Amino acid sequence: MTEAGILSGLSMAAAAALALTGVWLWRQPAGNRTKAVLMVVAGLVIVFNVWISGLPLTPSAH
(Lines give C-alpha, C1' and ligand atoms only; values in the text may rest on other atoms or scores of the structure.)
Protein backbone atom coordinates (compact mmCIF):
# COMPACT_ATOMS: atom_id res chain seq x y z
CA MET A 1 0.00 0.00 0.00
CA THR A 2 1.28 3.43 -0.89
CA GLU A 3 1.69 6.35 1.46
CA ALA A 4 -1.15 8.19 -0.28
CA GLY A 5 -3.45 5.21 0.23
CA ILE A 6 -2.64 5.04 3.92
CA LEU A 7 -3.27 8.76 4.37
CA SER A 8 -6.54 8.53 2.44
CA GLY A 9 -7.67 5.66 4.63
CA LEU A 10 -6.81 7.52 7.81
CA SER A 11 -8.60 10.62 6.53
CA MET A 12 -11.72 8.62 5.73
CA ALA A 13 -11.63 7.02 9.19
CA ALA A 14 -11.38 10.48 10.77
CA ALA A 15 -14.27 11.70 8.60
CA ALA A 16 -16.41 8.75 9.65
CA ALA A 17 -15.57 9.34 13.31
CA LEU A 18 -16.50 13.02 13.02
CA ALA A 19 -19.76 12.32 11.23
CA LEU A 20 -20.84 9.52 13.56
CA THR A 21 -19.97 11.53 16.66
CA GLY A 22 -21.84 14.52 15.24
CA VAL A 23 -24.94 12.40 14.65
CA TRP A 24 -24.64 10.92 18.14
CA LEU A 25 -24.29 14.40 19.66
CA TRP A 26 -27.31 15.64 17.68
CA ARG A 27 -29.46 12.84 19.14
CA GLN A 28 -28.49 13.56 22.76
CA PRO A 29 -31.14 15.42 24.76
CA ALA A 30 -28.64 17.97 26.06
CA GLY A 31 -26.36 17.87 23.01
CA ASN A 32 -24.95 21.02 21.47
CA ARG A 33 -26.59 21.09 18.04
CA THR A 34 -24.19 23.68 16.61
CA LYS A 35 -21.15 21.53 17.42
CA ALA A 36 -22.93 18.47 16.03
CA VAL A 37 -23.63 20.16 12.71
CA LEU A 38 -20.07 21.49 12.49
CA MET A 39 -18.67 18.02 13.13
CA VAL A 40 -20.75 16.50 10.35
CA VAL A 41 -19.78 19.32 7.96
CA ALA A 42 -16.10 18.85 8.83
CA GLY A 43 -16.42 15.15 8.04
CA LEU A 44 -17.99 15.96 4.67
CA VAL A 45 -15.18 18.42 3.89
CA ILE A 46 -12.59 15.74 4.63
CA VAL A 47 -14.39 13.26 2.36
CA PHE A 48 -14.52 15.88 -0.41
CA ASN A 49 -10.78 16.59 -0.01
CA VAL A 50 -9.95 12.88 -0.25
CA TRP A 51 -12.12 12.61 -3.36
CA ILE A 52 -10.40 15.62 -4.97
CA SER A 53 -6.93 14.30 -4.17
CA GLY A 54 -7.84 10.93 -5.69
CA LEU A 55 -8.79 12.35 -9.08
CA PRO A 56 -6.33 11.55 -11.85
CA LEU A 57 -4.06 14.32 -13.07
CA THR A 58 -4.64 15.19 -16.72
CA PRO A 59 -2.60 17.59 -18.82
CA SER A 60 -4.36 20.70 -20.02
CA ALA A 61 -5.53 20.66 -23.63
CA HIS A 62 -4.06 23.95 -24.88
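Just so it is clear, the model here is predicted, and its values are computed rather than measured. For this chain, numbers begin at 1 and follow the sequence in order. What you see below is based on every heavy atom in this structure, not just the backbone, and it leaves out hydrogens, waters and symmetry mates.
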Contacts under 3.5 angstrom, residues 23-42 side chains, donor-acceptor by atom type, not counting sequence neighbours:
unit_1 : atom_1 : unit_2 : atom_2 : d
Asn32  : OD1    : Thr34  : N      : 3.2
Arg33  : NH1    : Trp26  : O      : 2.3

Handout entry: ring-ring contact (aromatic ring centres under 6.0 Å, His included) contacts touching residues 39-60 (sequence neighbours left out)
Key = Phe48-Trp51

What donor-acceptor contacts under 3.5 angstrom involve side-chain atoms of residues 5-13, with partners at least two apart or in another chain?
unit_1 : atom_1 : unit_2 : atom_2 : d
Ser8   : OG     : Ala4   : O      : 2.9
Ser11  : OG     : Leu7   : O      : 2.9

Practice task
Show which residues join Leu20 in its hydrophobic cluster (side-chain heavy-atom contacts under 4.5 Å, direct or indirect), or state none.
Solution key: none

Practice task
Check side chain to side chain contact (heavy atoms under 4.5 Å, CB included) between Ala15 and all other residues, then give those that pass, not counting sequence neighbours.
Solution key: Ile46, Val47

Exercise for the section: Indicate yes or no for a side-chain donor-acceptor contact from Thr21 to the backbone of Leu18 under 3.5 Å, with no hydrogens or angles considered. Expected result: no

